[in-house]
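Okay, structure first, notes after.
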Amino acid sequence: LEAQVRQNEKLAAIGQLAAGIAHEIRNPLAGISGSIQLLSQDFSDPTEQKLMNIILKEIDRLNVLITEFLDYAKPEKVPDAEISLTQVVEDVVLNVKKRPDIPQGFEWVVEIQEVSILGFSEKLKQAVLNIVINAVQAVKADNPQRIEIRLKRDGSDAVLSIRDHGVGMTEETKKKMFEPFHTTKVKGTGLGLAVTHKILELHKARIEIETELNKGTEFIIKIPIAKGR
Ligand code: ADP
């Protein structure tokens, strides 16, 4: 037990250090990005423009990585405000449909009931968004282009299901998907689901995964409902 406590303290210290470093990295990145944008106004050569765009894109990628890492390393609080999980899910669906990196032409099946829980809206939005983006990215050209999102109340739980008909997961990915930096994507960070897991844990959620190769994946998330409802 003592070893466990020491281990936890060590991890917390590393987390704090990492969060500090991440903050420090963001400022110079903003400086680099701003300067590049100014400089690139003077370039008329398409090759130079292209190179500048690559630099800007890669800076964006570093920013995403740092943001996700910070979310992961941040200290936890216990949620005590009542929020509408329905609103959270609706916001995510609206957001995801508008994103330029999400292909058009998806069929969205959205069946959601009104459910409130104790929680953090913004964190939950991030958690759900990560799952929905993964769902979209798992769908290849010859898969059914349909994402199904359902939310209902079941006894003392809010039950959220996000289902795709994409590539599914191997046993190994199923085992490791919540680990930071585990990714099967060329441009993945492997942090999305680690962050999601952390946020859901904070809300005392239970996560079930149904997945089959080339059939698709369903995330079922059960969150205890606000007391007295
Ligand atoms: P990233 O998306 O950057 O790879 P994540 O932590 O969000 O990182 O996901 C980790 C891995 O889990 C993904 O690379 C992918 O292999 C797998 N995964 C997550 N969601 C799905 C899904 N809906 N269908 C198939 N694989 C998935």
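Just so you know, these numbers come straight off a predicted model, no measurement behind them. For ligands, and for the atoms within them, numbers begin at 1 and follow the listed sequence.
- Closest protein heavy atom to atom 18 (N) of ligand 1: Met169 CE, 3.9 Å.
- Contacts of Thr217 with ligand 1, taken as heavy-atom pairs under 4.0 Å, involve the side chain alone.
- Between Glu172 and Lys176, at least one side-chain nitrogen of the basic residue sits less than 4.0 Å from a carboxylate oxygen of the acidic one, meeting the salt-bridge criterion.
- Remark: ligand 1 and Thr184 share an N or O pair separated by less than 3.5 Å (distance only, no angle test).
- Near Gly188, the atoms of ligand 1 lying under 4.0 angstrom from a non-hydrogen atom of the residue are 3 (O).
- A side-chain donor from one of Lys185 and Asn134 sits under 3.5 Å from a side-chain acceptor of the other.
- If you check which protein heavy atom lies closest to atom 24 (N) of ligand 1, you get Ala138 CB, 3.3 Å.
- Under the 4.0 angstrom criterion for non-hydrogen atoms, Asn130 is not in contact with ligand 1.
- Residue, atom and distance of the protein heavy atom nearest to atom 4 (O) of ligand 1 are Thr183 OG1, 2.5 Å.
- For ligand 1, the atoms sitting less than 4.0 Å from at least one non-hydrogen atom of Thr173 are 12 (O), 16 (O), 17 (C), numbered in the order shown with element in parentheses.
- Note on residues 129-146: pairs passing salt bridge (Lys or Arg N to Asp or Glu O under 4.0 Å), not counting sequence neighbours, are Arg146-Glu148.
- Side-chain atoms of Arg153 come within 3.5 Å of backbone atoms of Gly155 as a donor-acceptor pair (strictly under, hydrogens ignored).
- Gly168 counts as a contact of ligand 1, since one of its heavy atoms falls under 4.0 Å from the ligand.
- The option with the heavy atom closest to atom 11 (C) of ligand 1, from among His182, Lys176, Lys185, is His182.
- Checked against salt bridge (Lys or Arg N to Asp or Glu O under 4.0 Å), Glu90 has no partners two or more places apart in sequence or in another chain.
- For the side-chain hydrogen bond (donor to acceptor under 3.5 Å, both in side chains) criterion with Ser161, the lone passing option out of Lys152, Glu218, Glu210, Glu208 is Glu218.
- Of the charged side-chain nitrogens involved, at least one lies within less than 4.0 Å of a carboxylate oxygen, so that Glu122 and Lys125 count as a salt-bridged pair.
- When the options Gly192, Gly216, Ala135, Gly190 are ranked by their closest heavy atom to atom 1 (P) of ligand 1, first place goes to Gly190.
- Considering backbone and side-chain atoms together, Leu193 places an N or O closer than 3.5 Å to an N or O of ligand 1.
- Gln49 and Asp45 share no side-chain donor-acceptor pair at under 3.5 Å.
- With His203 contributing its side chain and Phe120 its backbone, the two residues share a donor-acceptor pair below 3.5 Å.
- The protein non-hydrogen atom at the shortest distance from atom 20 (N) of ligand 1 is Asn134 CB, 3.3 Å.
- At a 4.0 Å heavy-atom cut-off, ligand 1 touches Asp164 through the side chain alone.
- Residue contact check: Thr189 has heavy atoms under 4.0 Å from atoms 3 (O) of ligand 1.
- For the residue pair Thr86 / Gln113, no side-chain donor-acceptor distance below 3.5 Å is found, with atom types taken as modelled.
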